[in-house]
Amino acid sequence: MVRLGYGQLPDLGYWWIDSYLDLDDAQSVALRNDLSALHRWHRQQELLPLANTLAQLQSQALKDTTPAAVCQAVDELQMRLQALADQAAPSLARLAVSLKPAQLAHLQQQLTKRQQAWAKDWLADAPADRLEKRSQRLIDRSEMFYGRLDDAQRVALRTRVQASGFDPSMMQTEMLARQQDVWQTVQALAGTERSAQTSEADTKQLLTRL
């Protein structure tokens with residue numbers, strides 16, 4: 001699954017961005033070229049460090065872990081994400097500057113639609129129903145990767161969900177803050193006469209915050 005998904009990342013990334021912005025032909029060509037170049041860079045520069053991190057996690061998964069080990073893994077993965085963000089920033093900045101008012105309106109509409117869908121999915125149900133939905137989704141996703149789970153594994157997953165500190169209201173607040181950050185940054189960049197260096201810096205800062 002990972003091999004198949006990784007190979008299709010340029011197309012998947014394009015479709016995801018286009019769903020938010022409704023790109024025109026010139027923007028589509030430029031973005032597809034930039035995503036293909038980003039994918040080549042990632043394959044050449046980032047796969048080995050990422051593979052090394054995953055190999056370490058694989059060995060740690062066979063034994064009890066510690067907070068220090070988890071924090072170290074998170075720090076290493078964040079370094080990989082930051083490297084990707086820095087490499088992607090010039091392309092995303094050029095795209096943001098090229099956006100037209102109608103595309104900004106489309107972005108705002110899509111953000112609102114996703115906010116409403118998320119609230120309906122996670123906040124409309126009673127707490128007990130939300131707990132059951134989360135448990136079943138975790139089971140479904142686990143089986144997608146590992147195959148059929150036995151009864152004991154299903155019980156273990158449900159127990160972990162019940163004991164977690166997941167708060168959908170807090171998660172919604174954080175999601176809305178991130179979306180507002182994206183909207184304000186893109187709106188400020190679109191159609192401006194800022195230098196490429198300033199636009200890239202603003203985009204890098206946004207990606208780092210996200």
Side-chain angles (χ1 to χ4, degrees), residues 1-9 11-22 50-51 53-82 84-85 106-184 186 206-210:
M1 292 180 62
V2 173
R3 185 180 296 114
L4 176 62
Y6 184 81
Q8 300 302 318
L9 278 179
D11 287 334
L12 295 174
Y14 168 80
W15 293 331
W16 181 73
I17 294 173
D18 184 53
S19 71
Y20 279 96
L21 299 176
D22 191 22
L50 183 58
T53 299
L54 293 177
Q56 295 173 7
L57 292 176
Q58 185 180 35
S59 64
Q60 293 173 11
L62 301 176
K63 55 188 177 183
D64 290 340
T65 190
T66 65
V70 173
C71 288
Q72 180 181 358
V74 170
D75 288 344
E76 291 174 354
L77 290 172
Q78 285 180 333
M79 288 175 58
R80 304 275 60 82
L81 287 174
Q82 187 63 57
L84 177 61
H106 185 79
L107 171 61
Q108 190 173 44
Q109 181 183 41
Q110 292 303 308
L111 291 175
T112 300
K113 183 185 298 184
R114 282 161 172 76
Q115 292 168 11
Q116 294 171 344
W118 194 94
K120 180 180 179 181
D121 205 19
W122 290 109
L123 296 175
D125 297 328
D129 294 331
R130 291 203 298 263
L131 184 63
E132 173 59 26
K133 182 184 292 185
R134 287 182 55 221
S135 298
Q136 191 56 52
R137 286 192 176 187
L138 181 58
I139 290 172
D140 291 343
R141 289 176 180 174
S142 298
E143 291 188 333
M144 181 177 67
F145 279 98
Y146 304 120
R148 180 79 176 172
L149 301 181
D150 61 31
D151 291 341
Q153 291 168 328
R154 287 169 171 254
V155 169
L157 287 180
R158 291 181 184 279
T159 300
R160 287 177 179 266
V161 169
Q162 291 174 347
S164 74
F166 175 77
D167 183 347
S169 298
M170 181 182 295
M171 187 172 181
Q172 183 189 42
T173 299
E174 294 175 352
M175 177 188 67
L176 292 175
R178 287 194 300 271
Q179 290 187 347
Q180 184 68 12
D181 192 8
V182 170
W183 166 249
Q184 291 177 344
V186 172
L206 171 64
L207 293 173
T208 298
R209 292 193 299 271
L210 293 178

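Since this is a predicted model, take the numbers as computed values, not measurements.
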_Can you confirm whether D140 is buried at CG, in the sense that more than 12 heavy atoms of other residues, nucleotides or ligands lie under 6.0 Å from that atom?_
yes
Output for pair (L50 CG, M79 CE), nearest 0.5 Å, gives 12.0 Å
Between R209 and D181, the two heavy atoms sitting closest are NE-OD2, 2.7 Å
Practice prompt. Report the C-alpha distance between K133 and D129 in whole Å, list the side-chain angles of each, state the deciding distance to 0.1 Å, and finish with yes or no for side-chain contact (heavy atoms from CB on, under 4.5 Å).
Written response: CA-CA 6 Å; K133 182 184 292 185; D129 294 331; over 6 Å; no
R137 and D121 have their tightest heavy-atom pair at NH2-OD2, 2.5 Å
Test your reading of the model: is there a side-chain donor-acceptor pair from Q108 to the backbone of W183, 3.5 Å cut-off?
no
Step by step, work out the side-chain contact (heavy atoms from CB on, under 4.5 Å) result for R158 and L131. CA-CA 9 Å; R158 291 181 184 279; L131 184 63; over 6 Å; no
In terms of heavy-atom contacts, G5 and L12 come closest through O-CD1, 4.0 Å
Between the CG atom in L107 and the CG atom in D22, the distance rounded to the nearest 0.5 Å is 11.0 Å
d(M175 CE, Q179 CD) to nearest 0.5 Å is 5.0 Å
Taken to the nearest 0.5 Å, the spacing of S142 OG from R154 CZ works out to 10.0 Å
Practice problem: Given side-chain contact (heavy atoms from CB on, under 4.5 Å), test Q78 with D75 step by step and report yes or no. | Solution: CA-CA 5 Å; Q78 285 180 333; D75 288 344; 3.9 Å; yes
Taking every heavy atom of D167 against every heavy atom of S169, the minimum-distance pair comes out as OD1-N, 3.0 Å
TODO: Answer yes or no: is there a donor N or O on one side and an acceptor on the other, between the side chain of T65 and the main chain of A61, under 3.5 Å?
DONE: no
### Query
Do R80 and L84 have side-chain heavy atoms sitting under 4.5 Å apart?
no
Interatomic distance, CG@D18 vs CG@D11, rounded to 0.5 Å, equals 12.0 Å
Please check this pair: side chain of R130 against backbone of W122, looking for a donor-acceptor N/O pair closer than 3.5 Å. yes
Practice item. Check for a donor-acceptor pair, side chain of Q153 on one end and backbone N or O of D150 on the other, with a separation under 3.5 Å. Key: yes
### Message
Checking Q110 against R114: is there a side-chain donor and acceptor pair closer than 3.5 Å?
### Response
yes
Heavy-atom nearest pair, L157 first then L149, reads CD1-CD1, 3.6 Å
**Study point:** Within-4.5 Å side-chain heavy-atom neighbours: R141 and L138
**Key:** no
NE2 (H106) and CG (L111) are apart, to the nearest 0.5 Å, by 10.0 Å
Q) Is there a side-chain contact between L81 and L77, using heavy atoms and a 4.5 Å cut-off? A) no
Scanning both residues in full, the closest heavy-atom pair of S59 with Q56 reads OG-O, 2.7 Å
